[in-house]
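Accompanying notes for the structure given below.
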Amino acid sequence: MSDYQGVSEYKRIRYSVSHGIATLLLNRPEKRNALDNLTLMELGTAFNAAGSDDDVRVVLLRGAGPDFCAGADLAQLERISASSDPLENLEDAAMLGELFIRMRGLTKPIVAVVHGSAFAGGAGLATACDLAIAADTAKLSYTEVRLGFVPAMVMALLRRIVGEKVAFELAALGEVITAPEAQRLGIFNRVVPAQLLDKAAHDYAVELTKR
């Protein structure tokens, strides 16, 4: 596992707490909220902050702009593809794996609020959350196979949700599925009209804080 280091200020995300709800907002809309190492570090720091804050009862994970998260940053993918050092690539993978472990270990429910595209690492983030509410126009895809990668860490989570055969099909084909289909498979808990997503997510989180 990588030597995880937290961050002292956020540049890639926004973190706020209100009435028992912590909101982690991926804030790179110009990059479709693509994930790079700094984003992963900031997410880890924010999840730690939410976990240690007694006022926080529920965590919402959202994306700014038109998409939830389009996956890994293109520049980072190009660097990984060009690298001849497998240990360097392993370190990159370990950062994402460690984030998933932190998310799964959090004692407060994490709710993914998905709109637009949730592809590759973005789909992985949504899958790693305890719950997910999505706009009816959202799209989900584990697209790593199209880039020559295997979403091995996400598979460990996905197969527990949808079963081994369906998980293999989603990862092996990398097809785009709609929000209603993702709900049918159990990846999304609720699907609402896109224009009602903000209110539905807030109301959902409020109900969770009362339990």
Side-chain angles (χ1 to χ4, degrees), residues 12-13 23-29 31-36 39-40 43 47 59-74 76-77 93 96-97 99-100 103-104 109-202 204-205:
R12 296 283 198 261
I13 71 170
T23 300
L24 281 65
L25 180 72
L26 297 165
N27 194 34
R28 302 182 75 197
K31 297 285 188 179
R32 300 178 67 197
N33 298 318
L35 302 173
D36 60 5
T39 304
L40 297 179
L43 284 172
F47 281 123
V59 180
L60 295 181
L61 178 61
R62 313 194 58 153
D67 294 297
F68 174 73
C69 177
D73 185 273
L74 182 59
Q76 184 150 322
L77 281 176
L96 183 60
L99 177 63
F100 288 161
M103 293 172 67
R104 299 307 300 160
I110 307 172
V111 182
V113 184
V114 183
H115 71 290
S117 298
F119 290 168
L125 277 181
T127 305
C129 291
D130 300 291
L131 301 162
I133 183 169
D136 56 359
T137 53
K139 296 179 180 180
L140 182 84
S141 182
Y142 304 89
T143 56
E144 287 89 344
V145 68
R146 297 174 181 269
L147 302 173
F149 296 96
V150 176
M153 291 177 290
V154 177
M155 281 285 287
L157 303 172
L158 185 63
R159 66 191 294 270
R160 294 171 62 182
I161 299 172
V162 302
E164 192 161 340
K165 288 187 177 181
V166 175
F168 181 82
E169 182 180 50
L170 290 171
L173 294 180
E175 294 179 335
V176 177
I177 61 174
T178 65
E181 176 67 5
Q183 182 183 30
R184 186 187 69 79
L185 293 173
I187 302 170
F188 292 158
N189 297 89
R190 300 188 179 188
V191 172
V192 301
Q195 67 271 22
L196 300 180
L197 180 62
D198 288 346
K199 183 180 186 304
H202 177 265
Y204 192 51

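Given the structure is predicted, the values throughout are model-derived calculations rather than measurements.
By the side chain to side chain contact (heavy atoms under 4.5 Å, CB included) test, Ala135 is found to be paired with His115, Thr137, Ala194, Leu197, residues two or more places apart in sequence or in another chain being considered. Among residues two or more places apart in sequence or in another chain, the side chain to side chain contact (heavy atoms under 4.5 Å, CB included) test is passed with Leu196 by Pro193. The side chain to side chain donor-acceptor pair (under 3.5 Å) search around Lys165 returns none, not counting sequence neighbours. With sequence neighbours excluded, the residues that form a salt bridge (charged side-chain N to carboxylate O under 4.0 Å, His left out) with Asp198 are Arg62. Every residue two or more places apart in sequence or in another chain that forms a side chain to side chain donor-acceptor pair (under 3.5 Å) with Glu164 is listed here: Arg159. For Pro180, the side chain to side chain contact (heavy atoms under 4.5 Å, CB included) partners at least two apart in sequence or on another chain are Thr178. Shown here are the side chain to side chain contact (heavy atoms under 4.5 Å, CB included) partners of Arg190, two or more places apart in sequence or in another chain: Ile133, Tyr204. Under the salt bridge (charged side-chain N to carboxylate O under 4.0 Å, His left out) criterion, Arg32 pairs with Asp67, sequence neighbours left out. With sequence neighbours excluded, no residue forms a salt bridge (charged side-chain N to carboxylate O under 4.0 Å, His left out) with Arg146. Residues satisfying the salt bridge (charged side-chain N to carboxylate O under 4.0 Å, His left out) criterion with Arg184, sequence neighbours excluded, are Glu181.
Taking CD1 of Ile13 as the start and CG of Leu24 as the end, the distance is 5.0 Å to the nearest 0.5 Å.
Residues Leu131 and Phe188 fail the side-chain proximity criterion, which asks for heavy atoms closer than 4.5 Å.
Contacts classified as side-chain hydrogen bond (donor to acceptor under 3.5 Å, both in side chains) and involving residues 123-134 (residues at least two apart or in different chains) are given here: Arg104-Asp130, Thr127-Tyr142.
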